[in-house]
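So the structure is just underneath, and the comments pick up after that.
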Amino acid sequence: MDPASLVTDTHVHHSVYTDPALFRLEMERIFGRAWIYLAHDSEIAEPGHYVTRHIGTTGVIVTRDRDGSAKAIVNRCTHRGATLCAFERGEAPHGHQCPYHGWLFAADGALKMVPNRQNYAGVLDLAENGARPVRLESYRGFLFGTLDDAAGPLVDFLGPMASSIDDLVDRSPTGRLSCAPYVLRHHYRGNWKMTFENLNDTIHPGFAHAASVVSAKHVAEEVGSRDGLSPTVGMMLANGKPIQFFQDLDMMVAPPGHSYIGGHMGANYSPDTADRYTADLIAFHGPEKARQVLGTDRHLTLLYPSSTWHARYQTVRIVRPVRHDLTEVIGYVFRLEGAPEETFRNAIEYVNGANSAASPVISDDLELYERLRTGNGYDGAGWIPYTRGLNEDREAGNGWTRTPATSEAFIRNQFRAWAHYMEAA
Ligand code: FES
Ligand SMILES: [Fe+2]
């Protein structure tokens, strides 16, 4: 099978969403080659602190080492292959010990100790049996890992889209962020790519989310203004904006597979918070930079193939492929250290609306992902067009392409990256 034959400039073959063999190839060639967002510095603040995450279907442990650096290893014991760590986060100041026969691994994977080592008949070299290290690079406190030792630097992978991470960090009036110690997650029975193709699709909300648009309009009428509406209600109202509004909104795409669309939820902080927050940002950045930070309004940034970012609501979501037909989406929310508490409360409300399975918005999307799995699972389902906005792309310099937010350019951009990754080495 030649993966490149499944993608054209205008169509993609349905099997890319449903074929288990293609999924395994994606794990090897896409998730085995790209930089994958893993964790934020604040989650492993002290030596010995660790979190467990995934690169594709491979579990990894990210640990703060004794020298203060972050280290990552594959979450697998080199003896019989058991996963080393079953917890999501914790402290392992003396290393990660396998629960099966007690082999002990350092943060960087070095095999430090094997109980009853003399029983291995002298054919066990500690130096040759370390856990597999995972290459890490950090961008402004955000740790990305790759299983590809030959991958180019992280900044090349991020390209101009690094500015969306800048957008998040620069919103802190101290330059510091901390990841809240709780997460909101959901699973759906469908392919991981469906999330990437849905989140910046501005045509679907008016249809898929119509019911919650009606509810939100009732709420807004009762409240009498947009002020004081929660971000979830703001999101629901934004979903009901006319198509021309989204036609006039920008979408920006950049290789490999990344994109964002302009902000459109129009939610504001309360006047007191806005004043104090603005003053704090001016004190930290100076007036010009503060104005630029506050004037930036991006909706979701998609860092293909593994994470989505919303700086204005301090939210990062990891899209984790589990099987060809099973995906987990994990939402993390960040506190802007030193900013008014309302900025954090707003972010929590946003991630509730954006990532809770109980959200009146997300439940619609999950229903549709399952319908996509069913419809695209039919034998001979055939080719899927993605031609919306095909001729509207404009070069915008610096690696960007600008196009209306109603375009499917971001999906075409994702499949250009998909085909590139999937080419044999
Ligand atoms: S499988 Fe880990 S020590 Fe045996
Ligand atoms: Fe949606």
Side-chain angles (χ1 to χ4, degrees), residues 59 61 73-86 92 94-106 109-121 123-126 128-132 186 188 190-216 231-241 243 246 249 251 259 261 264-265 299-300 302 308 310 313 315 317 319 327 329 331 350-372 405-406 408 410-411:
I61 312 175
I73 57 172
V74 170
N75 186 3
R76 178 183 181 277
C77 175
T78 50
H79 179 214
R80 303 296 299 272
T83 54
L84 283 168
C85 183
H94 305 295
H96 300 286
Q97 185 163 33
C98 179
Y100 201 179
H101 312 95
W103 289 22
L104 181 69
F105 298 86
L111 178 54
K112 297 207 300 187
M113 191 272 289
V114 170
N116 309 107
R117 192 170 150 212
Q118 64 283 4
N119 288 0
Y120 291 83
V123 290
L124 183 70
D125 184 350
L126 294 191
E128 282 180 4
N129 285 279
R132 180 178 172 188
H186 62 260
Y188 62 89
N191 190 264
W192 64 274
K193 295 187 288 300
M194 291 169 182
T195 295
F196 273 92
E197 294 161 24
N198 176 65
L199 287 181
N200 278 348
D201 177 333
T202 60
I203 298 296
H204 86 280
F207 300 95
H209 303 306
S212 60
V213 170
V214 173
S215 306
T232 301
V233 177
M235 181 191 321
M236 286 151 67
L237 284 175
N239 283 340
K241 287 183 175 171
I243 286 175
F246 292 108
L249 192 70
M251 168 186 290
S259 64
I261 58 174
H264 55 271
M265 285 170 51
H299 191 62
L300 289 170
L302 311 183
T308 81
H310 200 312
Y313 291 109
T315 299
R317 281 182 269 182
V319 179
T327 305
V329 185
Y350 169 80
V351 78
N352 258 295
N355 212 52
S356 164
S359 150
V361 182
I362 283 293
S363 49
D364 303 323
D365 294 312
L366 300 187
E367 161 75 9
L368 284 159
Y369 297 157
E370 301 216 358
R371 288 180 181 227
L372 291 170
T406 47
E408 286 172 321
F410 70 113
I411 304 179

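Whatever order the structure lists ligands and atoms in, that order sets their numbers, starting from 1.
- His204 and His209 have perpendicular rings, their planes meeting at more than 60° on a 0 to 90° scale where under 30° would count as parallel.
- The minimum heavy-atom distance linking Trp192 with Thr327 is given by the pair N-OG1, 3.1 Å.
- His101 contributes ND1 as its N, O or S atom closest to atom 4 (Fe) of ligand 1.
- Residue-ligand proximity, Arg80 to ligand 1, at heavy-atom distances under 4.0 Å covers atoms 1 (S).
- A salt bridge links Arg371 with Glu367: the distance from a Lys NZ or Arg NE/NH1/NH2 to an Asp or Glu carboxylate oxygen falls below 4.0 Å.
- For His79, the N/O/S atom at the shortest distance from atom 4 (Fe) of ligand 1 is named ND1.
- You'll find the side chain of Met236 stays beyond 4.5 Å of the side chain of Val213, heavy atoms only.
- Summarising the geometry of Phe196 relative to Leu302, their closest heavy-atom pair is O-CD1, 3.4 Å, with the distance given to 0.1 Å.
- Those atoms of ligand 1 with a heavy atom of Gly102 less than 4.0 angstrom away are 3 (S).
- Judged purely by atom type and a 3.5 angstrom limit, His186 uses its side chain to pair as donor or acceptor with the backbone of Asn355.
- Counting the atoms of ligand 1 from 1 in the order shown, those under 4.0 Å from a heavy atom of Trp103 are 3 (S).
- Counting just the N/O/S atoms of Asp365, the one with the shortest distance to the Fe ion (ligand 2) is named OD1.
- Rounding to the nearest 10°, we obtain 110° for the angle at atom 2 (Fe) of ligand 1 between Cys77 SG and Cys98 SG.
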